[in-house]
Amino acid sequence: MNDAPTPEEPIVCARCGKTADEPPVTWSSSLENGARRYLCDSCARENIRSIEGRLDSTWW
């Protein structure tokens, strides 16, 4: 199963809806319940504590 967007589909921020043609290197991505989700750089920055809070202790 490939959850990557097709070239015709823009990448969409799961939080604010901002779009990009290709995933910018400043965006964050995660695999949640088998689905790929993206956060734009602004939303990732605003929610970094929540993002880090979900990581296993081996990551930090």
Side-chain angles (χ1 to χ4, degrees):
M1 183 167 144
N2 183 0
D3 291 320
T6 62
E8 301 84 36
E9 295 179 46
I11 305 296
V12 180
C13 176
R15 188 151 177 91
C16 74
K18 184 177 179 179
T19 61
D21 292 329
E22 295 182 10
V25 296
T26 56
W27 283 34
S28 174
S29 70
S30 64
L31 189 61
E32 297 180 22
N33 298 322
R36 176 71 53 194
R37 294 185 51 163
Y38 295 92
L39 288 177
C40 70
D41 49 356
S42 297
C43 289
R45 196 175 310 114
E46 290 172 6
N47 295 285
I48 192 68
R49 288 189 186 268
S50 296
I51 293 167
E52 289 176 341
R54 294 187 302 177
L55 294 176
D56 293 335
S57 61
T58 57
W59 284 94
W60 42 272

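For Arg15, the side-chain contact (heavy atoms from CB on, under 4.5 Å) criterion is met by Cys13, Leu39, Cys43, Asn47, not counting sequence neighbours. For Ser30, the side-chain hydrogen bond (donor to acceptor under 3.5 Å, both in side chains) partners at least two apart in sequence or on another chain are Glu32. In this structure Glu22 satisfies the salt bridge (Lys or Arg N to Asp or Glu O under 4.0 Å) test with no other residue, sequence neighbours excluded.
Across all their heavy atoms, Lys18 and Asp41 have their closest contact at NZ-OD1, 4.0 Å. Closest non-hydrogen pair, Trp27 versus Val12, comes out as CZ3-C, 4.2 Å.
Contact check for Cys16 versus Cys40: side-chain heavy atoms found under the 4.5 Å cut-off.
Distance check, rounded to the nearest 0.5 Å: CZ of Arg37 to CD1 of Ile11 gives 14.0 Å.
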Worksheet entry | side-chain contact (heavy atoms from CB on, under 4.5 Å) between Thr26 and Arg45, worked out | CA-CA 10 Å; Thr26 56; Arg45 196 175 310 114; over 6 Å; no
